[in-house]
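One structure is given below, encoded as structure tokens.
We use all heavy atoms of the structure for the numbers below, so side chains are in, but hydrogens, waters and symmetry mates are not.
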There are 2 protein chains.
Amino acid sequence: MNRRNTPTKEAVLSLLSSSKKALSQDAIERQLDIKINRATIYRVLNRFCEDDLVHRIVAEDGKQYFAICKKCEPSEKTKYHFHFRCLSCDTIECLKIPVQYSIPEGYEVQNANCVLTGTCNDCSL
Amino acid sequence: MNRRNTPTKEAVLSLLSSSKKALSQDAIERQLDIKINRATIYRVLNRFCEDDLVHRIVAEDGKQYFAICKKCEPSEKTKYHFHFRCLSCDTIECLKIPVQYSIPEGYEVQNANCVLTGTCNDCSL
DNA sequence: CGTATTATTGCAACATAATCGCAATAAAAT
DNA sequence: ATTTTATTGCGATTATGTTGCAATAATACG
């Protein structure tokens, strides 16, 4: 299952790279110059997640958002970070705040999905 | 908009009270003795959330889960706690772990939705 | 009690997010 | 140039959650 380079893949990746915010499928579709099918966008995004190029956030609205986060090298300690969802401008961004927790004995954590919701700096002025 | 006592409301509340886990709408529907319409269950749950009887968790699967958590008095410091979603037994439980974060200047947090995913104690044996 | 008010319910329809099967296309290997 | 197969588009499908509306029933009030 070797990956192939396609215009679709490059377009989505480049959009995510240049975006400061996490984007949902419909946001990606809207912001792209070229028309790409919905199912294809999801498939491309899912592949990116498999390859750890992109990470997926599920917000309180139940929707998936996708982000490339260059800052967050997967060091053991700062593996997960918080996300912030602004209800005013309806965006999600990665915060440079590590998720800290002490898990009870016997539990094994494979992933963390932590989203704070409220009003962001830009909107609270 | 005064609330009324109904068998439906009592059934759902009693189920949530006796459950150690957070339940989704379909889990509630399955576990109830009496047959209650899907839309009604959602409406009852949404009312409980409005009245702060129940809290809502959105998991990585995009689904809503509902829990009564007696331990978690809404003290200022321990306002939010982590949740744990076990992929093996497909349940969500409240952890007694407070969510700690230092939010950047200008941000206002209204809610936190933090779910750790992995394998729970029961399933890791 | 009996009646009026209106919160609640069930049903069907709707909206949206995300996935899947399948045939057509096109990237990469030979 | 040809073969292989990853990728794409389309349509259909699944699932979650909400909404409009008429019927029901809990509560208040005479």
Side-chain angles (χ1 to χ4, degrees), chain A residues 1-16 22-51 53-67 85 87 90-92 111 113 115 117, chain B residues 1-16 22-51 53-67 85 87 90-92 111 113 115 117:
Chain A
M1 191 53 116
N2 290 323
R3 295 280 131 92
R4 292 177 181 178
N5 284 325
T6 65
T8 294
K9 178 179 167 177
E10 281 168 29
V12 174
L13 199 59
S14 136
L15 176 59
L16 282 175
L23 300 176
S24 60
Q25 174 276 321
D26 58 295
I28 291 172
E29 185 169 343
R30 262 184 282 112
Q31 291 181 36
L32 280 176
D33 308 322
I34 54 177
K35 171 70 184 160
I36 304 181
N37 184 268
R38 198 180 59 236
T40 302
I41 294 177
Y42 277 115
R43 280 187 283 225
V44 166
L45 289 168
N46 286 333
R47 265 178 262 146
F48 286 162
C49 287
E50 280 174 40
D51 300 346
L53 285 173
V54 162
H55 69 278
R56 183 196 321 259
I57 309 122
V58 178
E60 279 186 320
D61 58 3
K63 282 174 63 176
Q64 303 182 353
Y65 292 79
F66 301 87
R85 173 164 177 243
L87 296 173
D90 194 29
T91 63
I92 290 190
N111 195 17
N113 189 75
V115 184
T117 306
Chain B
M1 195 50 119
N2 290 324
R3 296 279 131 93
R4 292 178 182 176
N5 284 324
T6 66
T8 293
K9 178 180 165 177
E10 280 168 29
V12 175
L13 199 58
S14 134
L15 177 60
L16 282 175
L23 301 176
S24 60
Q25 173 276 323
D26 58 296
I28 292 172
E29 187 170 340
R30 262 184 281 114
Q31 291 182 34
L32 280 176
D33 308 322
I34 54 177
K35 170 70 183 163
I36 304 181
N37 184 269
R38 194 164 44 114
T40 302
I41 295 178
Y42 276 116
R43 280 186 283 224
V44 166
L45 290 169
N46 285 334
R47 267 177 258 145
F48 286 162
C49 287
E50 281 175 39
D51 300 345
L53 285 173
V54 161
H55 70 277
R56 184 197 319 261
I57 309 122
V58 178
E60 277 186 322
D61 59 4
K63 283 174 64 175
Q64 303 181 354
Y65 292 79
F66 301 87
R85 174 165 177 244
L87 295 174
D90 195 29
T91 63
I92 291 190
N111 196 17
N113 190 78
V115 183
T117 306

[X] side-chain N/O to [N] phosphate OP1/OP2 under 4.0 Å:
X	N	value
B:R43	D:dT19	no
A:T6	D:dT8	yes
B:T8	C:dT9	yes
A:N46	C:dT19	yes
B:R38	C:dA13	no
A:R4	C:dT25	no
B:Y42	D:dG17	yes
B:T40	C:dG10	yes

Exercise for the section: Assign each of A:R56 and B:V44 to its nearest nucleotide of DNA chain C by heavy atoms, then name whichever residue's nucleotide is nearer the 5' end. Expected result: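 On the 5' side of the pair lies B:V44.
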Handout entry: Toward the 5' end of DNA chain C, by each residue's nearest nucleotide, B:N2 or B:I41
Key =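 Of the two residues, B:N2 wins.
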Practice task
Nearest-nucleotide wise, let me know which of B:N5 and B:D26 is further upstream toward the 5' end of DNA chain D.
Solution key: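 Of the two residues, B:D26 wins.
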Handout entry: Relative orientation of the end axes in the helix from C:dC1-D:dG30 to C:dT30-D:dA1, expressed as an angle to the nearest 10° (five pairs per end)
Key =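 About 30° separates the two local helix axes.
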